[in-house]
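Below is one structure, written out as structure tokens, with a few remarks after it.
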Amino acid sequence: MLLFFGIIVLSYLLEDVAITTAALLSGSGSIPVSLALLAVFIGIASGDLMLFLLGRYARRWEGLRRKLLRHHAMHWIQHKLESRPFLNIFLLRYTPGLRTIGFTLCGYLSVRPVIFCSAVFVATALWTAVIFTLFYHLSQLSMFQNSPLKWLLLPVVFVLFFFVNRRSSNQRKSSCIAGSPNQQECAE
């Protein structure tokens, strides 16, 4: 049960590492697959819901509201959320660097909670299932089965996701600076 709650807490800090850790733990028999998946899902979905609620709270807290409204992606995300909320909330789950501001803006802009929760739950279930399955099966390979090498996957995954997120974030920012056709959407 301690592993279950540990995975939930880890998912608040590093979602992808939490998924990988849960898959490796269940692959080694430390926690049942169903409990590991449930812990990851609860952690990620409740974290996203907390961001949504933080956005709702930002309407009353001037400091947070000012920080939120000055974010460089705010107008772009607002436009996307008004046009197709379910699809765009779903896509925010997979867009590095926009998830936190996007989900917080969902709350601030009063996106219907039913739409927000359904998009987050579907996207989280898909993301978790794909990443979990990949690392679970990796942990079942004979070269990792009884080897401490399988635990080296955690730092490798952490570094990989860190650089992928950093690179995509830098590319998005540089396209705003370099004069993209949507320069007005990039403005603060």
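FYI, side chains are in, hydrogens and waters are out, and symmetry mates aren't considered; it's all heavy atoms of this structure. Please read all numbers here as calculations on a predicted model, not as lab measurements. For reference, positions follow the sequence shown, starting with 1.
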Work out which heavy atom in [X] is nearest to a heavy atom in [Y]; give both atom names and the distance.
| X | Y | value |
| --- | --- | --- |
| S30 | L3 | O-CD1, 3.6 Å |
| G27 | Q140 | O-NE2, 2.9 Å |
| Y12 | G43 | CE2-O, 3.2 Å |
| C106 | I89 | SG-CG1, 3.7 Å |
| S26 | A36 | CB-CB, 4.1 Å |

Mutual orientation of the aromatic rings belonging to Y136 and F132 [parallel < 30°, tilted 30-60°, perpendicular > 60°]: parallel

Can you tell me how far apart [atom1] ([X]) and [atom2] ([Y]) are? Round to the nearest 0.5 Å.
| X | Y | atom1 | atom2 | value |
| --- | --- | --- | --- | --- |
| L51 | F116 | CG | CZ | 7.0 Å |
| L53 | T104 | CG | OG1 | 10.0 Å |
| R99 | L91 | CZ | CG | 13.0 Å |
| I8 | I42 | CD1 | CD1 | 5.0 Å |
| I115 | R84 | CD1 | CZ | 13.5 Å |
| L10 | L13 | CG | CG | 6.0 Å |

If you define the side chain from C-beta out and look only at heavy atoms, does anything of [X] sit under 4.5 Å from [Y]?
| X | Y | value |
| --- | --- | --- |
| D48 | R93 | yes |
| V40 | I131 | no |
| L105 | Q78 | no |
| V120 | F103 | yes |
| I19 | F135 | no |

Candidate pair W127 and D16, rule side-chain contact (heavy atoms from CB on, under 4.5 Å), full reasoning: CA-CA 9 Å; W127 178 252; D16 299 322; 3.0 Å; yes

side-chain contact (heavy atoms from CB on, under 4.5 Å) between Y94 and L126, intermediate numbers included: CA-CA 11 Å; Y94 306 106; L126 286 173; 3.6 Å; yes

R59, CZ: over 12 other non-hydrogen atoms inside 6.0 angstrom: yes

CG/L2: more than 12 non-hydrogen atoms of other groups inside 6.0 Å: no

Co-membership, hydrophobic cluster, residues M1 and I7, 4.5 Å side-chain: yes

Derivation of the side-chain contact (heavy atoms from CB on, under 4.5 Å) call for S11 and F41: CA-CA 9 Å; S11 70; F41 182 82; over 6 Å; no

Whether T124 side chain and F121 backbone form a donor-acceptor pair below 3.5 Å: no

